[in-house]
Amino acid sequence: MHAQQSADIELRAVAISDETKYGSDNGLAFTEVKPEARRVKLEEALQGVDILNVNLAAADAGSKLESAFRGCSAVVAAPGSRQPGLANTCELGARIIVGAMKTAGVERLVVLSSMGVGNDFIPAGFAKYLMKVMMVTYMAQPKRDLVAMEQVVRDSNLDYVIVRPMGVDPDELPQGKWRVIDAPVKRAPPLTVAKEDVAQYVLTEALSRAHSQAAVTVGKP
């Protein structure tokens with residue numbers, strides 16, 4: 001819902017979590033929003049939107065997702081958190097999502113990963129060094145989860161795009177534009193990127209099919 005909605009696009013919103021780790025409380029009321037002023041905009045965007053809640057630990061998670069996906073042209077997925085200290089559900093979520101997509105006959109998948117996982121095409125420099133240190137220290141477990149998730153996606157044989165954003169800063173204001181890196185570059189993008197810009201990009205990528213069975217890094221221009 002961070003991406004702008006369009007009258008030409010039907011969005012089906014699904015909130016997935018592992019209730020054995022996160023509990024059953026969900027929704028915007030239980031979500032930290034930074035800065036708080038953004039909450040009003042999100043509340044407006046969510047008015048009238050039915051959100052399907054799916055517990056990844058439940059036996060019917062796959063069938064619920066299959067029903068939600070049926071008839072869709074693409075799935076945009078953020079299967080879990082990249083933050084240390086939170087439950088790692090990216091691999092689990094990806095496995096269930098991929099299975100549900102195949103059963104529902106949906107081939108296009110755009111999934112959120114992170115810069116610092118795999119070959120992100122970022123040249124050596126401060127951003128690369130900082131992320132490398134973070135990934136082998138306090139983000140070691142989230143990285144293992146993301147690496148496993150990416151492997152599930154690559155093995156799926158779907159028409160996938162793995163999106164590895166730079167640091168998603170909830171305090172950063174959107175620019176309405178972004179830089180997509182799909183090959184080695186000499187100039188790294190800035191360290192952080194706005195959440196809304198990443199959301200808008202993944203929706204654009206899902207519809208445009210600019211990349212297929214590929215991984216890209218996304219940051220500020």
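Qualifying salt bridge (charged side-chain N to carboxylate O under 4.0 Å, His left out) partners for Arg108, counting only residues two or more places apart in sequence or in other chains: Asp159, Glu205. Taking Asn119 as the reference, nothing meets the side chain to side chain donor-acceptor pair (under 3.5 Å) condition, with sequence neighbours excluded. Qualifying side-chain contact (heavy atoms from CB on, under 4.5 Å) partners for Leu207, counting only residues two or more places apart in sequence or in other chains: Ile9, Leu203. Partners of Ala140 according to the side-chain contact (heavy atoms from CB on, under 4.5 Å) rule, which considers only residues two or more places apart in sequence or in another chain, are Arg144. Asn157 meets the side-chain contact (heavy atoms from CB on, under 4.5 Å) test with Gln213; sequence neighbours excluded. Scored by the side-chain contact (heavy atoms from CB on, under 4.5 Å) test, Gln175 finds Lys177, Asp197, Lys220, Pro221 as partners (sequence neighbours excluded). Not counting sequence neighbours, Asn55 has no partner by the side chain to side chain donor-acceptor pair (under 3.5 Å) test. For the salt bridge (charged side-chain N to carboxylate O under 4.0 Å, His left out) test, no residue two or more places apart in sequence or in another chain qualifies with Lys143. Residues satisfying the side chain to side chain donor-acceptor pair (under 3.5 Å) test with Ser113, not counting sequence neighbours, are Glu150. Glu66 pairs by the side chain to side chain donor-acceptor pair (under 3.5 Å) definition with Arg70, not counting sequence neighbours.
Between Tyr201 and Val216 the shortest side-chain heavy-atom distance falls below 4.5 Å. Put simply, the side chain of Val111 does not reach to within 4.5 Å of the side chain of Val163, judged on heavy atoms. Residues Leu112 and Val198 have side chains in contact (heavy-atom distance under 4.5 Å, counting atoms from C-beta outward). Residues Val98 and Leu158 meet the side-chain proximity criterion, which asks for heavy atoms closer than 4.5 Å. Looking at heavy atoms from C-beta onward, Pro142 lies in side-chain contact with Asn88 at the 4.5 angstrom threshold.
Taking each heavy atom of Ala68 and Val14 in turn, the nearest pair found is CB-CG2, 4.1 Å. Contact detail for Gln200 and Trp178: the closest heavy-atom pair is CG-CH2, 3.5 Å. The shortest non-hydrogen separation linking Cys90 to Leu146 is SG-CD2, 3.8 Å. What you find for Leu56 and Gly93 is that their closest heavy atoms are CD1-CA, 3.9 Å. Of all non-hydrogen atoms in Asp18 and Leu92, the two that sit nearest each other are OD2-CD2, 4.3 Å. The nearest pair of heavy atoms linking Ile97 to Ala77 is CD1-CB, 3.8 Å.
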### Check against side-chain contact (heavy atoms from CB on, under 4.5 Å), Met166 and Thr217
CA-CA 7 Å; Met166 301 296 289; Thr217 295; 4.0 Å; yes
### Task
Begin from the C-alpha positions of Ile96 and Ile16 and carry the test side-chain contact (heavy atoms from CB on, under 4.5 Å) through to its verdict.
CA-CA 11 Å; Ile96 297 174; Ile16 60 174; over 6 Å; no
### Candidate pair Tyr160 and Glu107, rule side-chain contact (heavy atoms from CB on, under 4.5 Å), full reasoning
CA-CA 8 Å; Tyr160 69 82; Glu107 296 183 355; over 6 Å; no
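Between the Ser114 side chain and the Pro165 main chain, no donor and acceptor come within less than 3.5 Å of each other. Side-chain N or O atoms of Arg164 include one that pairs as donor or acceptor with a backbone N or O of Val117 at under 3.5 Å.
Looking at Asp120 and Lys128, a side-chain N of the basic residue comes within less than 4.0 Å of a carboxylate O on the acidic one, giving a salt bridge.
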Output side-chain donor-acceptor pairs under 3.5 Å for residues 181-194, partner residues at least two apart or in another chain, one line each.
from, atom 1, to, atom 2, distance (Å)
Asp182, OD2, His211, NE2, 2.8
Thr192, OG1, Glu172, OE1, 2.6

For residues 99-106, dump all side-chain donor-acceptor pairs below 3.5 Å to protein atoms at least two apart in sequence or in another chain.
from, atom 1, to, atom 2, distance (Å)
Lys102, NZ, Ser156, O, 3.0
Thr103, OG1, Gly99, O, 3.0

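For the residue pair Gln151 and Asp155, a side-chain donor N or O sits within less than 3.5 Å of a side-chain acceptor on the partner.
With rounding to the nearest 0.5 angstrom, the CG atom of Leu52 is 7.0 Å from the CG atom of Leu65. Atoms CD1 and CE, from Ile122 and Met115 in turn, are 5.5 Å apart once rounded to the nearest 0.5 Å.
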